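On a predicted model such as this, the values are computed, not experimentally measured, just so you know. The first residue in the sequence is number 1, and the count goes up from there. Both ligands and their constituent atoms are indexed starting at 1 by order of listing.
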Amino acid sequence: MKTDVLIVGSGCSALYMALHLSEDLNILMVTKKEAELSDSFLAQGGICMLRNEDDYDSYFEDTMKAGHYENDAYSVELMIKSSPDVIQDLISYGVDFERNEDGSLAFTREGAHSQKRILYHEDITGKEITRHLLEKVRQKKNVTLLENTPLVDLIVRGNVALGGVIKRNNQEEKVYAKKVVLATGGIGGLYKHSTNYPHLTGDGIELSKKYQIELKNLDYVQIHPTTLYTTDHERSFLISESVRGEGAILLDKNGNRFVNELLPRDVVAEAIFKQMEKDQTDYVYEDLRPIGKEEIASHFPHIVEHCKEKGYDVFKEPIPVVPAQHYFMGG
Ligand SMILES: Cc1cc2nc3c(=O)[nH]c(=O)nc-3n(C[C@H](O)[C@H](O)[C@H](O)COP(=O)(O)OP(=O)(O)OC[C@H]3O[C@@H](n4cnc5c(N)ncnc54)[C@H](O)[C@@H]3O)c2cc1C
């Protein structure tokens, strides 16, 4: 096969890219499983946005601080400054963010943010965003999307990628492309406990290593402090950070608080690990009741439902939570 651009993956990064390339280009997207099976569909809490210019310095500082000032300042600036346009794009695709009674966008808060800057759609923000991106991509005449079609190798000559090798119906096929985009997401599938889909096994990273493509910050792996504790072998279920942003508290085995719940994730995760070691337990507790019944029900319906399925009533009792691998920020 021949194409102008080969995009590998069907998460929000791959889809957003496909929507922003010229329509004169033929684009082939390949994705390892069904198109909906990406971490982008799993994102719960929300997406940050610069609300007004006055918030820029504080937003920048919060982000740098959460990254221990190791962040690439240019990337941080780009992310913050482009956020209003990206949000506008998403709204134009039909993404329905929560609104206030007067119709303005409603913002919530998450750990490490000193202001409310997070837009959300119930507790399934990623699904709401990504399903609209996918719908748009499916309408594009210049884009072909092949599901259950993993990229298994690159075609490289010298230091130039000429395309990729894909696997369809157990057959390997070569795809020649002028540009190849690796948007294969994270590495959670390599961990025992992760909130990610198990098929996300860092394939783009692996191929990059094979062909000496420069990689950066591979040790930047985020452990999310709060996933529902279970002894079942399944993808860890996230108790979103915005739950703590809205007032949920963390408790040790005796029901005492032991950390400021709004500190950055790595700090909260470390405090939980220490507490578990001290108490000799496999989890700590998260109590959602301080948020208030109505707010819990309207803001976090899917968390409520999932906990119920697992036998916990968040309106009546604290739930057991444990840290798990969550984001991979290198690549
Ligand atoms: C439970 C959970 C909650 C989250 N909540 C939030 C949140 O509230 N806010 C936020 O900003 N972020 C959140 N995130 C993080 C966010 O979801 C990710 O950062 C983002 O979705 C990554 O997008 P992506 O397109 O890079 O990768 P993904 O969405 O993971 O997509 C990767 C794609 O690559 C495909 N792929 C992988 N290997 C191959 C291969 N060899 N060949 C072909 N295709 C391949 C996969 O099938 C998939 O389609 C959350 C993540 C999780 C897991």
Side-chain angles (χ1 to χ4, degrees), residues 6-18 28-49 63 79 83 86-87 90 108 110-113 117-131 133-134 137 145-154 164-168 175 180-191 193-208 210 220-224 226-228 235-243 245 265 300 302-303 306 324-331:
L6 171 64
I7 299 181
V8 187
S10 62
C12 59
S13 53
L15 296 167
Y16 201 71
M17 168 129 220
L28 178 68
M29 292 184 83
V30 295
T31 192
K32 201 168 178 179
K33 302 276 178 188
E34 285 83 65
E36 287 80 6
L37 296 185
S38 71
D39 273 7
S40 299
F41 267 85
L42 300 178
Q44 292 182 344
I47 182 167
C48 309
M49 177 185 144
T63 312
M79 175 192 74
S83 62
V86 173
I87 297 300
L90 297 179
T108 185
E110 287 194 2
H113 287 277
R117 303 191 181 102
I118 320 290
L119 293 169
Y120 62 98
H121 175 95
E122 298 173 2
D123 49 3
I124 48 166
T125 312
K127 183 176 177 192
E128 173 65 9
I129 292 175
T130 319
R131 78 184 177 91
L133 293 175
L134 183 60
V137 164
L145 172 59
L146 299 180
E147 297 176 283
N148 298 302
T149 306
L151 179 86
V152 292
D153 205 351
L154 291 170
V165 181
I166 59 172
K167 201 164 183 181
R168 261 208 299 179
V175 179
V180 180
V181 180
L182 298 176
T184 57
I187 58 170
L190 302 172
Y191 283 75
H193 295 296
S194 172
T195 58
N196 297 184
Y197 274 117
H199 68 280
L200 298 178
T201 45
D203 299 1
I205 309 288
E206 196 58 43
L207 287 174
S208 302
K210 181 171 172 185
Y220 280 42
V221 179
Q222 189 182 88
I223 307 296
H224 196 287
T226 47
T227 66
L228 189 66
R235 199 173 64 71
S236 311
F237 182 78
L238 189 75
I239 306 299
S240 161
E241 187 145 46
S242 50
V243 172
R265 287 184 184 172
F300 307 110
H302 299 89
I303 292 178
H306 186 88
Q325 189 279 340
H326 189 44
Y327 287 4
F328 174 62
M329 288 161 290

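- Put simply, no part of Thr125 is less than 4.0 Å from ligand 1, judged by heavy atoms.
- When the heavy atoms of Gly11, Gly188, Gly9 are ranked by distance to atom 31 (O) of ligand 1, first place goes to Gly11.
- Between the side chain of His113 and the main chain of Ile118, no donor-acceptor pair closer than 3.5 Å is present.
- A cation-pi arrangement is absent between Arg131 and Phe41 under the rule of less than 6.0 angstrom and at most 45 degrees off the ring axis.
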Please output the side-chain donor-acceptor pairs of residues 324-331 that fall under 3.5 Å, not counting sequence neighbours, one pair per line with the distance.
unit_1, atom_1, unit_2, atom_2, d
Gln325, OE1, Ser194, OG, 2.8
His326, ND1, Thr195, OG1, 2.6

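- Shortest contact from atom 41 (N) of ligand 1 to any protein heavy atom: Asp203 OD2, 2.8 Å.
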Determine, step by step, whether Met79 and Thr63 satisfy the side-chain contact (heavy atoms from CB on, under 4.5 Å) criterion, reporting the C-alpha distance in whole Å, the side-chain angles of both residues, the deciding distance to 0.1 Å, and the verdict. CA-CA 10 Å; Met79 175 192 74; Thr63 312; 4.1 Å; yes
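- Atoms of ligand 1 lying under 4.0 Å from any heavy atom of Leu37, numbered from 1 in the order shown and given with element: 47 (O).
- A donor-acceptor pair under 3.5 Å is absent between the side-chain atoms of Thr149 and the main chain of Val30, judged by distance alone.
- When the shell of 6.0 Å around NE2 of His121 is examined, it contains more than 12 heavy atoms from other residues, nucleotides or ligands.
- Contact annotation: for Thr130 versus ligand 1, there are no heavy atoms closer than 4.0 Å.
- An N or O contact shorter than 3.5 Å links Gln44 to ligand 1 by distance.
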List the steps, then state whether side-chain contact (heavy atoms from CB on, under 4.5 Å) holds for Thr184 with Leu200. CA-CA 7 Å; Thr184 57; Leu200 298 178; over 6 Å; no
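- Heavy-atom contacts of Asn196 reach the following atoms of ligand 1: 53 (C) (cutoff under 4.0 Å).
- The single protein non-hydrogen atom nearest to atom 42 (N) of ligand 1 is Leu151 N, 2.8 Å, given as residue, atom name and distance.
- Protein heavy atoms are absent from the 4.0 Å sphere centred on atom 19 (O) of ligand 1.
- Under the 4.0 angstrom criterion for non-hydrogen atoms, Ile47 is not in contact with ligand 1.
- With atom 24 (P) of ligand 1 as the reference point, the heavy atom nearest to it among Ser13, Ser10, Ala35, Ala43 is part of Ser13.
- Close contacts between ligand 1 and Ala183 involve ligand atoms 32 (C), 33 (C), 34 (O) [criterion: under 4.0 Å to a heavy atom].
- The two atoms that bring Asp123 and His302 nearest to each other are OD1-ND1, 2.5 Å, heavy atoms only.
- Protein heavy atom at the shortest distance from atom 48 (C) of ligand 1 is Ser38 CB, 3.7 Å.
- Taking every heavy atom of Leu238 and a limit of under 4.0 angstrom, the matching atoms of ligand 1 come to 1 (C), 2 (C), 3 (C).
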N/O donor to acceptor pairs below 3.5 angstrom from side-chain atoms of residues 7-18, sequence neighbours left out:
unit_1, atom_1, unit_2, atom_2, d
Ser10, OG, Thr31, OG1, 2.9
Ser10, OG, Ala35, O, 3.1
Tyr16, OH, Asp89, OD2, 2.6

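- Under the 4.0 Å distance rule, the nearest protein heavy atom to atom 53 (C) of ligand 1 falls inside the cut-off.
- Distance from atom 45 (C) of ligand 1 to its nearest protein heavy atom, with residue and atom name: Lys32 CB, 3.6 Å.
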Could you give me the CA-CA distance, side-chain angles and deciding distance for Leu182 and Ile205, then say whether side-chain contact (heavy atoms from CB on, under 4.5 Å) is met? CA-CA 9 Å; Leu182 298 176; Ile205 309 288; over 6 Å; no
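- Using a distance-only test at 3.5 Å, with no hydrogens or angles considered, no donor-acceptor pair links the side chain of Lys33 to the main chain of His199.
- Comparing Ile166, Leu146, Asp39 by heavy-atom distance to atom 28 (P) of ligand 1, the nearest is Asp39.
- Residue-ligand proximity, His199 to ligand 1, at heavy-atom distances under 4.0 Å covers atoms 46 (C), 47 (O).
- Remark: minimum distance from atom 46 (C) of ligand 1 to any protein heavy atom is reached at Leu200 CD2, 3.6 Å.
- Those atoms of ligand 1 that come under 4.0 Å of a heavy atom in Val8, given as number and element, are 42 (N), 43 (C), 44 (N).
- When atom types are taken as modelled, the side chain of Gln44 and the backbone of Leu238 share a donor-acceptor pair closer than 3.5 angstrom.
- The distance from ligand 1 to the heavy atoms of Gly46 drops below 4.0 Å at these ligand atoms: 7 (C), 8 (O), 9 (N), 10 (C), 11 (O).
- Closest to atom 27 (O) of ligand 1, if we only count protein heavy atoms, is Gly185 CA, 3.4 Å.
- In this structure, atom 21 (O) of ligand 1 lies nearest to the protein heavy atom Ser40 OG, 2.8 Å.
- Shown here, atom 3 (C) of ligand 1 is in close reach of the protein: a heavy atom of it lies under 4.0 Å off.
- With Phe237, Tyr327, Tyr16, Tyr197 as candidates, the residue nearest to atom 12 (N) of ligand 1 on a non-hydrogen basis is Tyr327.
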Step-by-step side-chain contact (heavy atoms from CB on, under 4.5 Å) determination, Leu6 to Leu151: CA-CA 10 Å; Leu6 171 64; Leu151 179 86; 4.2 Å; yes
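- Across Leu37 and Tyr197, no two heavy atoms sit closer than the pair CD2-OH, 3.5 Å.
- At least one heavy atom of His326 sits less than 4.0 Å from an atom of ligand 1.
- Taking each heavy atom of Ser240 and Ile303 in turn, the nearest pair found is N-CD1, 3.8 Å.
- Ser208 places no side-chain N or O within donor-acceptor distance of the main-chain N or O of Glu206, the cut-off being under 3.5 Å.
- In this structure, Cys12 is part of the shell of residues with a heavy atom less than 4.0 angstrom from ligand 1.
- Against a heavy-atom cut-off of under 4.0 Å, Gly45 is close to the following atoms of ligand 1: 8 (O).
- When hydrogens are left out, the protein atom nearest atom 37 (C) of ligand 1 is Thr184 O, 3.4 Å; that is the closest non-hydrogen contact.
- Taking every heavy atom of both residues into account, Ile166 and Leu146 meet most closely at CD1-CD1, 4.3 Å.
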